[in-house]
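Right, I'll just put the structure down here and ask away after.
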Amino acid sequence: MKNDEVAAVLYDISRLLELEGEEAYRIRAYRKASQSVESLEGDIDEYYKEGRLRDIPGIGTSIGGVIEELLRTGRSNLLEALKKETPLELYEVIEVPGIGRKTALKVHRALGVTTIGEFRDAARSHRIRRIKGLGDKAEKKILDAIERHRKSLGETRVPIIRATAVASEILGYFKDCEGLLRVDVAGSLRRHVPMVGDIDIVAATDDPQEVVDCFCNMPITRIVKDKGEHHAEITTRYRMDAKLRIVSREDFGLRLALDTGSKAHLSELEKRAAARGDRLSREGFYNAGGEKVKFPEEDGFYRALGLEYVPPDLRENRGEVDAAAKGTLPDLITVEDMRGDLHVHTEWSDGANSIQDMAMAARAKGYEYIAICDHSKSLHVANGLSIERLRDQMVEIDRLNDTLENFTIFKGSEVDIMPDGSLDLPDDVLEDLDIVVGSVHTQLRQDPDVVTRRVLNALENEHLTILAHPTSRILGRREPTAVDIDRVIEAAKENRKVLEVNAYPDRLDLSDEHVKKAMDAGVMVSIDTDAHGIAELDYISFGVHNARRGWATKSRVLNTLSTGALLEYIDRY
DNA sequence: GGCACCGCTGCCGTTTTTTCAGGAAAAAA
């Protein structure tokens with residue numbers, strides 16, 4: 001039995017335990033063990049033979065026993081016993097967001113339906129509303145949930161942070177290949193698209209076969225899907241695919257540009273080449289005389305088209321080709337421009353570290369300041385601070401500031417914007433804070449005009465500094481609220497408020513398109529991590545790249561200002 | 001069920017509000 005088969009069994013056990021309402025920690029233990037086996041380097045059978053199963057993290061006596069049984073007999077008594085109790089297909093139903101375990105079981109027992117398709121049919125034929133404890137609204141909710149889920153199933157993209165981690169692991173192995181001259185990541189990951197499908201890699205070598213073999217034999221490689229003289233495609237042990245394309249050193253720049261895309265950007269470049277009498281295609285670049293031209297570097301390729309170099313973040317056909325022709329590309333914000341983080345959490349609410357830890361980590365990053373913005377009282381799940389605790393925190397921050405040189409901790413709050421648009425803290429508290437970051441965390445399904453009015457109310461509050469994650473989207477998991485972003489940007493401009501570009505990799509909110517709108521409208525943004533621990537301060541690069549995709553420049557990003565200039569700005573508006 | 005750290009145990013995410021239905025599930029960071 002192979003690693004992924006063992007992992008699959010452990011996962012199935014965890015699903016069945018969950019369906020049966022088993023203790024959460026036992027479910028989690030099987031799930032964790034499954035992931036551990038799945039991402040294991042080396043063969044699980046070897047571990048077994050060497051008696052080292054328990055060396056694998058998350059595997060102890062009990063799960064070790066299940067694995068041993070699997071490897072010896074190819075089956076698991078536990079799994080089979082569980083399957084007798086509950087059909088495994090039912091788990092697919094509770095994986096649909098919006099349908100829980102008890103509802104699924106209730107419907108299953110009342111109607112004998114098991115699969116998602118059967119649940120949908122039962123809802124459509126109005127059989128669910130007749131079950132005691134459910135009604136027409138519950139029935140509609142189930143139907144809507146299934147239809148939303150169906151759409152999301154085709155979605156195989158993952159958040160950029162995962163793709164980045166897999167890519168860097170690949171490059172970690174791959175860069176040491178013999179004969180490798182150059183290598184770079186291309187594709188949507190290089191453009192910093194928030195959700196990434198697969199990883200494209202371009203390499204230059206004089207010995208393609210050697211490098212292709214090396215790629216296919218990386219420890220991270222699980223399946224070789226395709227292998228040719230100058231290309232290969234693999235599935236990694238993290239289930240993400242990676243594609244390699246090999247060229248000569250002289251062709252590296254052009255290939256990198258062609259494989260970076262986007263399609264729409266390349267199509268603009270092709271038009272431009274044609275207009276100049278050249279020809280650009282997926283195969284290469286041919287000048288007016290029909291000769292193939294080589295470009296070892298990308299910038300030479302752009303120059304040949306009469307263009308300024310276009311940073312990968314901008315290659316989405318949003319006007320960048322015209323701007324590059326006119327020499328009016330924006331001077332994009334960089335990570336090095338950032339002087340502080342204006343939205344971080346500490347252990348006072350739901351963060352992992354102390355105020356001092358966060359401040360020290362921020363200073364170590366070269367920042368001048370940080371704003372502690374723990375949650376406000378209404379957000380119970382995040383251990384929001386009561387007014388009294390917030391007052392205590394302010395005292396603590398004053399005390400810490402007295403000990404710090406060349407670094408400032410700002411007193412802040414991530415204050416909830418209540419469903420009616422009021423803020424979760426009274427004016428006399430708000431006015432004692434340096435930074436007030438307002439967020440919508442609850443009632444995310446309000447109607448467009450209601451939620452828009454709610455956010456506009458907050459923007460009209462004189463104490464609010466920054467509107468955090470303005471649409472509250474979670475990539476791949478939660479749709480944005482119905483807020484009218486154009487009116488939000490308009491109101492931010494009128495009231496001199498700052499809009500956040502939340503750098504949390506599954507938020508990235510404002511989105512790149514919204515950043516562009518904010519830039520066009522002349523609104524300031526603040527790129528903040530929303531870090532809940534010191535490691536997450538590094539999320540800043542995701543935020544900066546997202547802002548770059550929206551054409552953000554340094555002068556329009558609040559937290560590129562020095563401490564003095566920032567205070568002056570806040571004071572003035 | 002795993003694990004860390006001692007003594008056979010306790011910790012591992014938690015708490016309140018909303019929603020649909022009349023108690024219970026889901027959602028929020």
Side-chain angles (χ1 to χ4, degrees), chain A residues 10-11 13-14 16-18 20-37 53-67 78 82 93-107 128-145 148-149 343-352 373-386 413-419 424 437 439-446 468-469 472-474 477-479 481 502 504-507 509 529-533 536 539:
Chain A
L10 295 177
Y11 206 79
I13 291 173
S14 82
L16 288 163
L17 290 172
E18 187 178 344
E20 301 205 343
E22 179 59 73
E23 195 201 352
Y25 291 115
R26 192 171 170 221
I27 300 167
R28 207 177 302 153
Y30 275 92
R31 203 147 297 182
K32 193 166 166 272
S34 168
Q35 279 159 4
S36 197
V37 171
L53 279 179
R54 279 162 193 71
D55 292 352
I56 302 168
I59 292 173
T61 327
S62 189
I63 297 183
V66 172
I67 296 176
L78 174 60
L82 288 166
V93 177
I94 70 169
E95 271 187 324
V96 177
I99 307 179
R101 182 185 141 254
K102 298 210 173 168
T103 306
L105 279 173
K106 194 186 276 183
V107 176
I128 288 180
R129 63 178 61 181
R130 292 202 291 266
I131 301 170
K132 184 172 156 51
L134 300 172
D136 55 343
K137 291 202 174 158
E139 184 177 82
K140 185 173 186 309
K141 215 177 134 197
I142 288 170
L143 193 54
D144 291 348
R148 236 178 300 120
H149 183 66
H343 180 177
V344 308
H345 295 269
T346 73
E347 60 194 4
W348 285 66
S349 65
D350 60 345
C373 296
D374 278 311
H375 291 285
S376 61
K377 59 180 163 51
S378 291
L379 204 64
H380 304 280
V381 70
N383 189 25
L385 273 61
S386 66
S413 172
E414 182 180 12
V415 56
D416 258 61
I417 299 172
M418 307 308 281
D424 190 27
V437 173
S439 298
V440 169
H441 285 131
T442 54
Q443 295 271 68
L444 302 179
R445 294 198 186 176
Q446 286 176 322
H469 45 75
S472 300
R473 73 169 180 180
I474 305 285
R477 277 199 293 136
R478 187 169 74 206
E479 291 298 308
T481 62
N502 190 292
Y504 226 78
D506 60 358
R507 284 195 185 266
D509 180 14
T529 59
D530 204 348
H532 285 65
E536 292 180 357
Y539 287 174

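Being a predicted model, the structure only gives us computed values, none of them experimental.
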message: Applying salt bridge (charged side-chain N to carboxylate O under 4.0 Å, His left out), can you list everything that pairs with A:Glu479, at least two apart in sequence or on another chain?
response: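 Per chain and number, A:Glu479 pairs via salt bridge (charged side-chain N to carboxylate O under 4.0 Å, His left out) with no residue.
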query: Using a cut-off of less than 4.0 Å, is there contact between a side-chain N or O of A:Arg507 and OP1 or OP2 of B:dA29?
result: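 For B:dA29, OP1 or OP2 has a side-chain N or O of A:Arg507 closer than 4.0 Å.
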- request: Treat a base pair as Watson-Crick or G-U wobble with both distances under 3.5 Å, then lay out DNA chain B in dot-bracket form, 5' to 3', with | for cross-strand pairs.
  value: ((((....)))).((((((....))))))
- request: Just call it for A:His345: base, sugar-phosphate, or nothing, with non-hydrogen atoms closer than 4.0 Å on any strand.
  value: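 Nothing, no nucleic acid heavy atom in range.
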query: When we call it a touch if two heavy atoms are under 4.0 Å apart, what does A:Ser62 touch: a base, just sugar-phosphate, or nothing?
result: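 Here A:Ser62 touches the backbone only, sparing every base.
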Any A:Gln443 side-chain nitrogen or oxygen under 4.0 Å from OP1 or OP2 of B:dA27: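 A:Gln443 to B:dA27 OP1/OP2: no side-chain N or O under 4.0 Å.
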message: At 4.0 Å (heavy atoms only), tell me whether A:Ile59 reaches a base, stays on the sugar-phosphate, or touches nothing.
response: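 It contacts sugar-phosphate atoms only.
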message: Output one letter per nucleotide in nucleotides 7-13 of chain B: B when a protein non-hydrogen atom lies under 4.0 Å from the base, S when only the sugar-phosphate is that close, - when neither is.
response: -----BS
field: Minimum-distance nucleotide (side-chain atoms of A:Asp136 versus B:dT17, B:dA21, B:dA29)
entry: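 So the side chain of A:Asp136 is nearest to B:dA21.
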query: So what does A:Asp416 touch, heavy atoms closer than 4.0 Å: a base, only the sugar-phosphate, or nothing?
result: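 The answer is nothing, as A:Asp416 stays clear of every strand by at least 4.0 Å.
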field: Pairwise P distance, B:dC20 and B:dT16 [rounded to whole Å]
entry: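 It works out to 23 Å between them.
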Any A:Arg478 side-chain N or O less than 4.0 Å from OP1/OP2 of B:dA28: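 For A:Arg478, the contact criterion (side-chain N or O under 4.0 Å from OP1 or OP2 of B:dA28) is met.
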